Amino acid sequence: MAEKQKIYKPKAISGFPEWLPEERIAEQRWFDHIRKTFESYGFCSIETPSVEEIDVLLAKGEVDKEIYVLERLHKDEESDKESRLALHFDQTVPFARYTAQHFNDLVFPFKRYQMQRVWRGERPQMGRMREFYQCDIDVINVDNLPLSFDAEIASMIYETLEGLNIGRVQLRISNRKILLGLIESMGVTDPVPVTRAVDKLEKIGEEEVQNILIEEGLNADQASQVLALSKIKGGADDIRAIKAENDKMQDGIDELAFVLDNLAHLPTQAAIADLTIVRGLDYYTGTVYETQLLDIPEYEGSVCSGGRYDDLAGQYINKHLPGVGISIGFSRLFDVIRQTHPDKLGIGPKSPAHLLLYTEDKDKAALATKTAQTLRGRGFNVEVYHTVKKWDKHFKYAKSKMIPTICYPEDEQTAKFKDMATGEETIQNISDWNQS
RNA sequence: GCGACUGUAGCUCAGGGGUAGAGCCCUCGAUUGUGGUUCGAGUUGUCGCGGGUUCAAAUCCCGUCAGUCGCCCCA
């Protein structure tokens, strides 16, 4: 006998999720639903390579994302001359590069969706992975992009998420011009620490935010003013009631109120203004979105975020291309639901097969093949059980894979069909049989 | 990158100086008027890795790696 081979013990790589077949079926159902909804609004699909040149990814300047760089195992001197490649950490940057590159072939406003994996070398946690799917939708136009797109995109996203059977979802919308306008009016030069503090309001509480703001150089009055603004939540009227300190702030107020007005057709809690939403350091300049799962208290983070940017592709082309986009954190959403409310995934069969075809008699192999082909031709998924062992084996097999029907061919026209749920057996014509 | 906790069978875990364990799963068989029940048999481990203390370490000590959670950040 041969020596026992060295086994590399298989293990999961943290942050790189993979699913069992029955989970994968549920995941594919989600993808189908999302794709269908996006296309129902006339968005087209594109796919970009997993890699970009590092210079493209870094074109915006400082990028705080942890980027995975690609390297060949057998490097030579030639390799050093090639430009370095890295895995993309989002789909917005590749989309900007794509838009600039194919500018002359695209029709504007360009509306596209993109469902691909992205990679970030961060420490994994619940809802945070290193390889994950995002479903992005963006609209980009030359020079001007109507504000109504900001509402349409939110509306699409609500419809998409609502159809996934994950309980109530809530889009929280703000406009960065409001808070940034206020900060500017106070003469603060670097708004980032202030916005970051505001972003944490719900997590760390008012007092802590007030302290941070004062540490950042605001006086007590100003800090209170920022805090008071940040606490505003509600509808268009609540936003209109805000007193603007300058034109920028007024623009933000008008824009946010307009977007909310255009979302009035949604259920009351589906889309609200929430001025704590500021979206950190990103390129967003106007509308910003986050999305929370109201019925999944175990996870408080946002499962879908995005916003409007004045000019996305300025680093790649000498055109002014404003856009608005939002991204569903697909893997985060799927994994959070999988871990907290697996029932909501509707996980069922471990096989896509409608029928398991079985024959005890080896001589009937040709008949089995023919019957399977006929049924497949009629649109059914048919799995043939190849092993003839103990009689009850194929039952256990069908049951454990949750295949709903077993088919026993009789002759070229007829077969016995056993309904696994009821145990009922009937002899039927294979051209007539239908799933109950 | 920082902090806390955890690493023992495929999975969930017990054992805390003296021969490596349980349940579940899996495989095979028996029973059973088809899948259920019951019974029998069987496979599986560098006790995460390296060093130290000891007559003796899965167990105590040091280091290291990995994982989980929190921070940071974000989908």
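Letters go in sequence order (proteins before strands), and every chain restarts at 1. On a predicted model such as this, the values are computed, not experimentally measured, just so you know.
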- Message: Can you confirm whether more than 12 heavy atoms, excluding those of Ile13(A), are under 6.0 Å from its CD1 atom?
- Response: no
- Dot-bracket encoding per residue of RNA chain B, Watson-Crick/G-U cut-off under 3.5 Å, | denoting interstrand: ((((((((.[[[[.)..(..]]]].(((((.......))))).....[[[[[..)....]]]]])))))))....
Which residues share a ring pair (Phe, Tyr, Trp, His ring centres under 6.0 Å) with [X], sequence neighbours left out:
X         : result
Phe108(A) : Phe103(A)
His102(A) : Tyr98(A)
Tyr158(A) : none
Phe334(A) : Trp19(A), Trp30(A)

In residues 162-169 of chain A, what donor-acceptor pairs under 3.5 Å come from side-chain atoms, sequence neighbours left out?
unit_1	atom_1	unit_2	atom_2	d
Asn165(A)	ND2	Lys344(A)	O	3.4
Arg168(A)	NE	Asp295(A)	OD1	3.2
Arg168(A)	NE	Asp295(A)	OD2	3.4
Arg168(A)	NH2	Asp295(A)	OD1	2.8

- What is the distance, rounded to the nearest whole Å, between atom CE of Met126(A) and atom P of rA75(B)? 18 Å
I'd like to know if the side chain of [X] reaches the main chain of [Y], judged simply by a donor and an acceptor atom lying under 3.5 Å from each other, with no hydrogens or angles considered.
X         : Y         : value
Tyr316(A) : Val56(A)  : yes
Arg376(A) : Asn381(A) : no
Gln91(A)  : Gln116(A) : yes
Arg112(A) : Cys44(A)  : no

Considering only the [atom1] atoms, how many Å lie between [N] and [M], rounded to the nearest integer?
N       : M       : atom1 : answer
rC69(B) : rA22(B) : P     : 31 Å
rC60(B) : rU54(B) : C1'   : 10 Å
rU31(B) : rC25(B) : C1'   : 22 Å
rU12(B) : rU68(B) : P     : 13 Å

- Task: Report the nucleotide, chosen from rC69(B), rU34(B), rA75(B), that has the shortest atom-to-atom distance to any side-chain atom of Gln134(A).
- Result: rA75(B)
- Closest to the Arg196(A) side chain, choosing from rG35(B), rA75(B), rC73(B): rC73(B)
- Query: In chain order, what residues pass the side chain to side chain contact (heavy atoms under 4.5 Å, CB included) check against Thr340(A), with sequence neighbours excluded?
  - Reply: Met126(A), Ile296(A), Glu298(A), Val336(A)
- Would you call the rings of Trp433(A) and Phe417(A) parallel, tilted or perpendicular, where under 30° means parallel and over 60° means perpendicular? parallel
- Message: Ring centres within less than 5.5 Å and planes less than 30° apart: is that true of Phe330(A) and rA75(B) in this structure?
- Response: no
List, one per line, each side-chain donor-acceptor pair under 3.5 Å for residues 223-230 of chain A, sequence neighbours excluded.
unit_1	atom_1	unit_2	atom_2	d
Ser224(A)	OG	Gln210(A)	NE2	3.4
Ser224(A)	OG	Ala220(A)	O	2.9
Gln225(A)	NE2	Glu245(A)	OE2	3.4
Ser230(A)	OG	Val226(A)	O	2.6

- Identify whether any heavy atom of Glu290(A) sits under 4.0 Å from a base atom; if not, whether one sits that close to sugar-phosphate; answer base, sugar-phosphate or nothing. nothing
- Looking at every strand, decide which applies to Met129(A) at a 4.0 Å heavy-atom threshold: base, sugar-phosphate, or nothing. base
Counting only non-hydrogen atoms, which of [range] are less than 4.0 Å from RNA chain B?
range                       : value
residues 344-351 of chain A : none
residues 291-301 of chain A : none
residues 112-122 of chain A : Arg120(A), Glu122(A)

- Here the salt bridge (charged side-chain N to carboxylate O under 4.0 Å, His left out) pairs for residues 378-387 of chain A, sequence neighbours left out, are Glu383(A)-Lys401(A)
